[in-house]
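Presented below is the structure to which this report refers.
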There are 2 protein chains.
Amino acid sequence: MISQTEENYLKALFILANENGETGVNELSKFLGIKMPTVTSMMKSLADKNLVRYITYKPVILTVTGKKEAASIIRKHRLTEMYLVEKMGFGWDEVHEIAEQVEHVKSNALFDKMDEALDFPKFDPHGAPIPDKNGKIDFPDQRKLSECKVGETIQLSGVIHSSDVFLKFLNSKNLKLGTILTVQLIEAFDGTRELSYDERTAEILSEIACEKLLVQNLKHI
Amino acid sequence: MISQTEENYLKALFILANENGETGVNELSKFLGIKMPTVTSMMKSLADKNLVRYITYKPVILTVTGKKEAASIIRKHRLTEMYLVEKMGFGWDEVHEIAEQVEHVKSNALFDKMDEALDFPKFDPHGAPIPDKNGKIDFPDQRKLSECKVGETIQLSGVIHSSDVFLKFLNSKNLKLGTILTVQLIEAFDGTRELSYDERTAEILSEIACEKLLVQNLKHI
DNA sequence: ATATAAAGTTAGATATCACTAACAAAATTA
DNA sequence: TAATTTTGTTAGTGATATCTAACTTTATAT
Ligand SMILES: [Mn+2]
Ligand SMILES: [Mn+2]
Ligand SMILES: [Mn+2]
Ligand SMILES: [Mn+2]
C-alpha cells in the first residue's frame, strides 16, 4: 500500500522530472514545502519499495512502477478537476485544492465513472493532458506565449502551475482556454506584451504572465 | 484541525451513542476494529481537544462541538453516497467504501454542490437521514420489519448497517426502498417471515434479515 | 586552487496512531 | 459474599512522517 504522503511525493517527482527523468532533493523539498532531511529519508523508503532509484548525493529517478503510480494519481487529479468544472459547476480557479484530496481516494470505479461521464477527456480544465489508464500521456504541441513573435496568431491552450490567484487574474482579463490571440507588440525594455483577442485590441500582459501561458497553432480545417 | 482518524472516532461515537449519548470504550473498539488501549488514548486526546467528555472507567460522551463535527462528517458521507447513486450511476451496494473516504475531504463547497445538485435530499440511498448544515437530524418514524405483526402492510424505508453483502442479497430479492410489503406469516419456531410484495406472494426472509430492515406506515393521501 | 555557497545527509527529537502484555476496576454469576 | 468474566487502563514498543542542528559533499566563484 502506498500512503497518501508517498503518493504526493511520487506525483511531485513525476511533475518535476527533467529531460533525464531526474529531480534533485532540494527542488523536491521546495516544491512540497517539506524540509530536505524529511525528503531524504522518504527517498530511502521509496527506494526500498522500488518506486524510485536513489543513490546518495545523486538526483532521484522514478522506477517504471513509480512512474506508473504517479501517472495514475495525476490522472485521478485531472479527471477530478475536469469533473468538478464540467459536471458540478465549479470555476477552473476553485478545483485544484479539492482534487488534491480526491486524487487519493482508493476506487478505480469512481474515476472510471468520471472518465465516462466526461466522455474520456484528453485535457483538464487548465489544459494539462490527462494520462490514460496505462499512464501514457499525449503531450500536445504547446509552447509558451512568451516564445511567440510579434504578428503571430495562436490559441490559448494551457496554463502552467495554475494558482487560483493567477487563474482569477486571467478571468478578469477574460482569457480562457481556446481564446485566439495575436501578439501585437513586445516591449523591448521589459518584455511586456500587447495582445489582441475577442474585442480587445491592446491588452497588456507582463512577460511573467506570458511565461505561464501555453499556446498552440491554430488548427486548419 | 481534526485528523481523518479523529473524524472516524467522532462519527462512530455519534452512531453508537445510546439514549444518554454514551458509548463504552469496548463497544467503540469493536465497531472501529481498533484495540481498546488505542481507543482509550484517543479518548484522552479528544477530551483534551474538547470534543468528548471522558472520565476513566466511564462511558464517553460527545461534547456539543464533538456532536456538531460528527454530524458534519455523517452529512458529507450520506450526501456523497446519494450523489454517487443518483448522479454517477452507482448501485446502493457500491458507495459506502467510497463515501468513507470522500467524507474526509475538506471543502464545504464540494458538499454544498452535491446537496444542490440532489435538490437537498433528506435521506441517503440506504434510507438514513442526512443531517442539515447545523447538524440537526430529522429522524423519520421508522421501526424494524421484525417488529411488525402478521397482516401489517408497510413500506420499506431503510436498511441498518448496510454491508454490501446484505445489499446484494436485497437486490437478488428485488427489495428496494419504497417497496410495499405485507407480513403474511411469522414462523413461531425461528421467527422466519413470509412476505408478499410486487408480484411475489410468499417470499421468505430470516428474522435476522428482518431486524436489519426499517419500515414506515404507508402515507395516506 | 582555494574559498564560499548550495545541496544533501546524519543524528536525534517529537507527534500521531497503532500494537501487545500486564494489571485494575466494574459487572455478572455462582 | 466470593469467584469469574467483562471492561477498561497503564506501560512499553514500533511505524510513519515531520522537524532542527550539525556535518559533508558537490558545485560555483574568486
Ligand atoms: Mn491541479
Ligand atoms: Mn494530494
Ligand atoms: Mn455508508
Ligand atoms: Mn471515514
Side-chain angles (χ1 to χ4, degrees), chain A residues 1-13 15-62 66 69-70 73 100-101 103-104 106, chain B residues 1-13 15-62 66 69-70 73 100-101 103-104 106:
Chain A
M1 258 293 97
I2 301 179
S3 73
Q4 209 158 304
T5 306
E6 289 170 327
E7 286 187 349
N8 285 334
Y9 280 91
L10 293 177
K11 198 171 51 134
L13 283 167
I15 290 164
L16 296 175
N18 66 17
E19 320 77 53
N20 307 312
E22 301 171 327
T23 312
V25 169
N26 187 245
E27 201 186 348
L28 190 50
S29 164
K30 279 176 185 151
F31 183 82
L32 291 171
I34 287 169
K35 294 291 188 296
M36 288 183 60
T38 308
V39 173
T40 297
S41 74
M42 181 56 90
M43 289 311 104
K44 285 178 183 167
S45 115
L46 290 178
D48 288 346
K49 296 187 177 183
N50 258 297
L51 294 164
V52 305
R53 214 112 283 162
Y54 169 64
I55 299 161
T56 47
Y57 296 107
K58 292 251 150 62
V60 186
I61 304 183
L62 285 168
E69 284 296 337
I73 303 151
E100 202 60 47
Q101 300 175 67
E103 69 189 359
H104 303 291
K106 262 71 182 173
Chain B
M1 257 293 95
I2 301 179
S3 74
Q4 210 157 303
T5 306
E6 290 169 327
E7 286 187 350
N8 284 334
Y9 278 91
L10 293 177
K11 198 171 51 133
L13 283 167
I15 289 164
L16 297 175
N18 66 16
E19 320 77 53
N20 307 311
E22 300 172 329
T23 313
V25 169
N26 188 247
E27 201 186 348
L28 191 49
S29 163
K30 279 176 186 151
F31 183 83
L32 291 170
I34 287 170
K35 293 291 187 297
M36 287 183 61
T38 308
V39 173
T40 297
S41 75
M42 180 57 90
M43 288 311 104
K44 285 179 184 167
S45 115
L46 290 178
D48 288 346
K49 295 187 177 183
N50 258 297
L51 293 164
V52 304
R53 214 113 283 162
Y54 170 65
I55 299 162
T56 47
Y57 295 106
K58 292 250 150 61
V60 186
I61 304 182
L62 284 168
E69 285 295 339
I73 302 152
E100 202 59 47
Q101 300 175 66
E103 69 188 359
H104 302 291
K106 261 75 183 171

- prompt: In whole angstroms, how far is the P atom of D/dT18 from the CE atom of A/Met36?
  reply: 15 Å
message: Could you tell me how far apart A/Leu32 (CG) and D/dA17 (C1') are, to the nearest whole angstrom?
response: 13 Å
- request: Rounded to the nearest angstrom, tell me the gap between atom CG in A/Leu51 and atom P in D/dT16.
  value: 13 Å
message: What is the distance, to the nearest angstrom, from the CE atom on A/Met43 to the C1' atom on D/dA17?
response: 12 Å
query: Taking atom types as modelled, is there a side-chain donor on B/His104 or B/Glu7 under 3.5 Å from an acceptor on the other?
result: yes
message: What contact category does A/Ser41 fall into here, base, sugar-phosphate, or nothing, at under 4.0 angstrom with non-hydrogen atoms?
response: base
message: Under 4.0 Å, counting only non-hydrogen atoms across every strand here, what does B/Thr38 touch: a base, just sugar-phosphate, or nothing?
response: base
query: For the pair made of CD1 in A/Ile34 and C1' in D/dT16, what is the distance, rounded to whole Å?
result: 13 Å
B/Ile55 CD1 to D/dT9 P, straight-line distance once rounded to whole Å: 11 Å
task: Take A/Thr56 and A/Thr5, find for each the nucleotide of DNA chain D with the closest heavy atom, and name the residue whose nucleotide sits nearer the 5' end.
output: A/Thr5
query: Under a criterion of less than 4.0 angstrom to any heavy atom of chain B, what are the 5'-terminal and 3'-terminal contacting nucleotides of DNA chain C?
result: C/dC17 to C/dA25
message: With a 3.5 Å distance limit and no angle check, can you tell me whether A/Ser29 reaches the backbone of A/Val25 through a side-chain donor-acceptor pair?
response: no
Report all interatomic pairs (protein N or O, nucleotide N or O of nucleotides 23-25 of chain D) with separations under 3.5 Å.
none

- request: For B/Lys44, report the nucleic acid contact type (base, sugar-phosphate, nothing); a contact means any heavy atom under 4.0 Å.
  value: sugar-phosphate
task: Nearest 0.5 Å please: distance from the CG atom of A/Leu16 over to the CG atom of A/Leu32.
output: 7.5 Å
message: If you compare all heavy atoms of A/Ile2 against all heavy atoms of A/Lys106, which two are closest, and at what distance to 0.1 Å?
response: O-NZ, 3.5 Å
statement: Taken to the nearest 0.5 Å, the spacing of B/Lys58 NZ from B/Arg53 CZ works out to 15.0 Å
query: If you look at every strand shown and take non-hydrogen atoms under 4.0 Å, does B/Ser45 touch a base, only sugar-phosphate, or nothing?
result: nothing
- prompt: Would you call A/Met43 and A/Thr23 a side-chain contact if the rule is heavy atoms closer than 4.5 Å?
  reply: no
- request: Hey, could you give me the OH/CD1 distance between B/Tyr9 and B/Ile34, rounded to the nearest 0.5 Å?
  value: 3.5 Å
- request: Could you grab the distance from atom CG of B/Leu10 to atom CG of B/Leu62, nearest 0.5 Å is fine?
  value: 6.0 Å
- prompt: Once you round it to whole Å, what is the distance between C1' of D/dT7 and CD of B/Glu27?
  reply: 12 Å
- request: May I ask you to evaluate whether B/Thr40 reaches the phosphate of D/dT9, defined as a side-chain N or O under 4.0 Å from OP1 or OP2?
  value: yes
task: Enter the distance from B/Gln101:CD to B/Glu103:CD here, rounded to the nearest 0.5 Å.
output: 9.0 Å
field: Protein-nucleotide distance (B/Lys58, atom NZ; D/dT7, atom C1'), rounded to Å
entry: 14 Å
